[in-house]
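Heavy-atom basis, side chains included; hydrogens, waters and symmetry copies ignored. By convention in this document, chain letters (A, B, ...) are assigned in the order of the sequence lines, proteins followed by strands, and residues within each chain are numbered from 1.
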Protein chains: 2
Amino acid sequence: MASGYPPSMLSRVSFVLGKLHLRCLERESGELGALGIDVKQHAVLSVLADEGPMTQQELGQRLGIDRTTIVTVVDGLDRAGLLERRRSPTDRRAHLLTLTPAGRHTQQQGQHRVADAERALLGTLDETERRTLIDLLSRALDGR
Amino acid sequence: MASGYPPSMLSRVSFVLGKLHLRCLERESGELGALGIDVKQHAVLSVLADEGPMTQQELGQRLGIDRTTIVTVVDGLDRAGLLERRRSPTDRRAHLLTLTPAGRHTQQQGQHRVADAERALLGTLDETERRTLIDLLSRALDGR
DNA sequence: TATTGTTATACTCTATAACTATA
DNA sequence: TATAGTTATAGAGTATAACAATA
C-alpha cells in the first residue's frame with residue numbers, strides 16, 4: 001500500500017495536498033462519469049440544490065470560478081437537461097439557473113457516489129480520523 | 001476570515017483539497033520566487049539533498065512526474081547553477097543529477113520559506129492541529 | 001458607464017509520440 | 001530491442017480581452 005514517495009515529501013503540505021487531490025479527482029471522475037457529469041458539474045448541481053436558483057455570476061463567486069469558466073460547465077448541464085437558464089424577472093441580462101427534476105435526481109445520485117469515492121480514497125484512515133481530517137481541512141480553508 | 005464558500009462544499013474532500021492546494025501553491029510560489037525557483041524545482045532540490053545523486057528517470061518516479069516534465073524543471077536548475085548533469089559512469093545514457101553547493105544552500109533557504117508559508121496557510125489551526133493534519137494527509141496518501 | 005453572459009484567444013501544466021545515443 | 005534523455009506537439013484547465021444586450 002506504500003506509495004513510494006520520498007519520506008521528506010510526505011511532510012510537505014503542498015505536495016501531499018496536490019497528490020491527494022489528483023487521486024481524489026480520478027476516483028470522483030470515475031464515479032460521476034457513469035452519471036454523465038464531471039466533478040465541477042456536480043459541484044454546480046449541489047450548490048443549486050442547497051441554495052436555490054442563482055445567476056451564473058453568483059454561482060462563480062460561490063465556487064471561486066471565473067464566470068467565463070462557468071459558461072462551459074453550465075452549457076453541459078443545460079444540454080443534458082439537468083438545469084434551465086431562465087431569464088431573471090428583475091434583470092433581463094442575467095440567467096437564473098434552476099434545477100430540473102432530473103438535475104435534482106442526478107445531484108443526489110452523485111452525492112452518494114462521491115461519498116463512496118471519498119471513503120475509498122481515505123480508506124487507510126478510520127471513520128473518526130476521516131471526520132477529523134475533513135474538519136481540519138475545512139477550518140484551514142474557511143477560518144472556522 | 002470566512003472564505004464565503006458554500007457550507008456544503010466545505011465537507012467535499014475534492015473541493016477543499018483543491019482550494020487549499022491552490023492557496024498553498026500561491027504562498028509557496030511567492031516565497032520561493034524570491035530565491036529564483038518554483039515549487040517543483042524546490043521539490044527536486046529537496047529529494048536530491050535527502051537521497052543524493054540520481055538519474056532524471058529515478059527523480060521522476062520519486063515525485064510522480066513524467067520524465068518529459070522533469071527535463072524543463074532540471075533545465076532551469078542547471079542554468080541557475082544549482083545542480084549539475086553528470087554522466088553516469090555505469091550508463092552513459094543517464095545523467096546523474098548532483099547538487100552544487102549553491103543548490104544545497106538554496107534548498108535550505110527554501111525549506112525555511114516553505115515552512116513559513118505552510119504555517120501561514122494553516123494559521124487558523126494551532127500547532128497540534130497542524131501536526132495532526134499533516135499526519136492524516138500523509139497517511140491517507142501513503143497508507144502509513 | 002457598468003454589468004451579464006458569451007466568444008475568441010492565450011497561457012499554464014502535463015502527457016504522448018517520435019527522435020538520438022547509448023545499452 | 002530496450003532504455004535515458006530530449007524535442008515537438010497536443011490536450012486539459014483556466015484566465016484575459018472584447019463584444020452584445022441590458023442596466
### Task
Identify, residue by residue, the members of residues 44-65 of chain B with a heavy atom below 4.0 Å from DNA chain D, and return them in order of residue number, or none.
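Correct list: B/Thr55, B/Gln56, B/Gln57.
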
#### Entry: Contacting residues from residues 69-78 of chain A, given that a heavy atom lies under 4.0 angstrom of DNA chain D
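Residues of residues 69-78 of chain A under 4.0 Å from DNA chain D: A/Thr69.
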
### Message
With side-chain contact (heavy atoms from CB on, under 4.5 Å) as the criterion, how do B/Arg87 and B/His95 come out once you've worked through the C-alpha distance, each side chain's angles and the decisive distance to 0.1 Å?
### Response
CA-CA 5 Å; B/Arg87 283 287 165 197; B/His95 290 158; 3.4 Å; yes

Calculate the interatomic distance between [X] atom [atom1] and [N] atom [atom2]; express it in whole Å.
X: B/Asp38; N: C/dC13; atom1: CG; atom2: P; result: 8 Å
X: B/His95; N: C/dA21; atom1: NE2; atom2: C1'; result: 10 Å
X: A/Leu96; N: C/dT3; atom1: CG; atom2: C1'; result: 16 Å

Name all residues meeting the salt bridge (charged side-chain N to carboxylate O under 4.0 Å, His left out) criterion together with [X]; count only those two or more places apart in sequence or in a different chain, and write none if there are none.
X: B/Glu26; answer: none
X: B/Glu118; answer: none
X: A/Arg85; answer: A/Asp75, A/Asp78

### Task
Look up atom CD in A/Glu58 and atom CD in A/Glu51, then write down how far apart they are to the nearest 0.5 Å.
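Interatomic distance, A/Glu58 CD to A/Glu51 CD, rounded to 0.5 Å: 9.5 Å.
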
### Interatomic spacing from CG in A/Leu97 to CG in A/Leu48 - rounded to 0.5 Å
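Nearest 0.5 Å value for the CG-CG distance: 6.0 Å.
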
What pairs of donor and acceptor atoms, side-chain ones from residues 16-25 of chain A against any protein atom, are under 3.5 angstrom apart with sequence neighbours left out?
from    : atom 1 : to       : atom 2 : distance (Å)
A/Lys19 : NZ     : B/Leu63  : O      : 2.9
A/Lys19 : NZ     : B/Gly64  : O      : 3.3
A/His21 : NE2    : B/Ser14  : O      : 3.4
A/Arg23 : NH1    : B/Leu141 : O      : 3.1
A/Arg23 : NH2    : B/Leu141 : O      : 2.9

### Nucleic acid contacts - residues 14-30 of chain A versus DNA chain C, non-hydrogen atoms under 4.0 Å
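Contacts with DNA chain C under 4.0 Å: none.
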
Could you tell me which residues satisfy side chain to side chain contact (heavy atoms under 4.5 Å, CB included) with [X], sequence neighbours excluded, listed by chain and number?
X: B/Arg130; value: B/Arg119, B/Leu122, B/Leu125, B/Glu127
X: B/Asp50; value: A/Ser8
X: A/Thr128; value: A/Asp126, A/Arg131, A/Thr132

### Task
Produce a footprint string for nucleotides 16-23 of chain D: one letter per nucleotide, 5' end first; B if the base is under 4.0 Å from any protein heavy atom, S if only the sugar-phosphate is, - if neither.
BBB--BBS

### Message
Quick check on the hydrophobic clustering: are B/Leu96 and B/Leu59 connected, directly or via other members, by side-chain heavy-atom contacts under 4.5 Å?
### Response
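Different clusters.
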
#### Entry: Sole residue of B/Arg113, B/His112, B/His42 in side chain to side chain donor-acceptor pair (under 3.5 Å) with B/Glu31
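That would be B/Arg113.
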
### Residue pairs involving residues 100-110 of chain A (criterion side chain to side chain donor-acceptor pair (under 3.5 Å); sequence neighbours excluded)
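Non-adjacent pairs meeting side chain to side chain donor-acceptor pair (under 3.5 Å): A/Ser46-A/Gln107.
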
